[in-house]
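Data block below; observations after.
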Amino acid sequence: MGNSLQGKPSADKVRVFANNDVWLEANAVAQLHTTAQLPHIHAAVGLPDLHAGRGYPIGAAFFSVGHLYPALVGGDIGCGMALWRTGLKAHKTSPARLEKLLGSQEGPLPQALLAQAQPELAALCHDAALPLPAAQLAGSLGSIGGGNHFAELLACEQLYAAPEGDGPADADAATTATTAVCAALDPKAVYLLVHSGSRGLGGAILRAQVEAHGHAGLAADTPQAQHYLMQHEAALRYARLNREAIAQRFLQALRSDGLPLLDVSHNHVLPATHDGLQGFIHRKGATPADVGPVLIPGSRGDYSYLVQPLPGCAAALNSLAHGAGRKWARSDCMGRLAPRFQASALRKTRLGSTVVCNDKALLYEEAPQAYKAIDSVIASLLEAGLVRLLARFKPLLTYKKGGQPCC
DNA sequence: ATGTAC
């Protein structure tokens, strides 16, 4: 946990936003610096959820000029968070009741919901030549996937003082979004948070890129870059549609209507201006700070925070943490936790919430112990002047995978 | 992360 690089520029173009309480592996910081040395990269930022990935770090943002790197975005193009307010009231339900209502949400999307999504699915397939057939994309729609993806029901534990409109000065739409979301917050409501991405599509797009160009990336003014950006845009739309489909099927199971509050991707590359230069911001597990309020989830056994990005985010490539960030490698979790916890014990969390996960390996890999403390991540963002807190949520039920019980 | 790939 060498934190000597935190809080100050450790190299000309690298900055890490993390206080001394945050778990930070030297390896993750090393990956950040190595990646920052790629040609055309002008600035790199590590957020407090920074952790090591396969080659490139997660919880990081990179600004490049004249060139872009599909491999930096990774295989789950468009992965992100969608937050809905349900019609349920927290005091009238319980984790056990919610678990019973939800049952298993595996398998293809109910026909009516698929039909509802079909026009947008057809449109995004029409707008870009994609490496997967439309039928496969339809088949994956409404599926959560594996890894750290989930759908979670939460109660609002605390509302903080309402903001007074001093969000980023150049972001009227963001300020409007903040006002609208704050007006929709009901302390009694149950909320639905969906974390998922573009399923097989983003991976197929990246695979084709790596096969054609390795990790060298693409010069911005080339047909190849335009081709990738078209596919990338389709993947962003597909991931968003997938989160909406997941939310709709969960709401249907809960027999509730829902109000969408936000949908924000944290894996993407977008045109941006930084230091007066036109270029691209690559976000790899980094939440954009220029689209209004965002939700930063803790682990399934921890709180989640709705925050308003502040103007100080300009120094962080307009990026924020996308969650708590892993502390332990997936491959270490079983060995560390199996001696202390039976799988069945991991189906309950310290906050009293229930975990639906009928995949034993995943139950251990995604245990709260494998993640950083969310309060250390949020404190880092607050201390750096990057966010203001809007609300704090407590998990009631985290749904990872249904089907036959594993324990 | 993945309708994984070794």
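Letters go in sequence order (proteins before strands), and every chain restarts at 1. Given the structure is predicted, the values throughout are model-derived calculations rather than measurements.
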List the atom pairs, with distances to 0.1 Å, where a side-chain N or O of residues 202-218 of chain A and a protein N or O form a donor-acceptor pair under 3.5 Å, not counting sequence neighbours.
from      : atom 1 : to       : atom 2 : distance (Å)
His215(A) : ND1    : Tyr56(A) : OH     : 2.7

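- At a threshold of 4.0 angstrom between heavy atoms, the contacts of Arg330(A) are confined to the sugar-phosphate backbone, with no base atom among them.
- A salt bridge (charged side-chain N to carboxylate O under 4.0 Å, His left out) check over residues 300-325 of chain A, counting only residues at least two apart or in different chains, returns the pairs Asp302(A)-Arg350(A).
- When DNA chain B is scanned in the 5' to 3' direction for atoms under 4.0 Å from non-hydrogen atoms of chain A, the outermost contacting nucleotides are dA1(B) to dG3(B).
- Within the 4.0 angstrom heavy-atom criterion, no nucleotide atom of any strand lies near Gly203(A).
- The residue Asn267(A) sits apart from the nucleic acid: no heavy atom pair falls under 4.0 Å.
- Heavy atoms of Gly75(A) sit nowhere under 4.0 angstrom from any nucleic acid atom.
- Counting non-hydrogen atoms under 4.0 angstrom, Ser143(A) reaches nothing in the nucleic acid.
- The six-membered or imidazole ring of Tyr69(A) lies away from that of Phe62(A), with a centre-to-centre distance of 6.0 Å or more.
- A side-chain donor-acceptor contact under 3.5 Å links Tyr371(A) and Glu366(A).
- With respect to Glu365(A) and Lys400(A), no salt bridge is recorded, no charged nitrogen being found less than 4.0 Å from a carboxylate O.
- When only modelled atom types and interatomic distance are considered, Ser353(A) and Lys348(A) share no side-chain donor-acceptor pair under 3.5 Å.
- Using a 4.0 Å heavy-atom cutoff across all strands shown, Gly147(A) reaches sugar-phosphate atoms only and no base atom.
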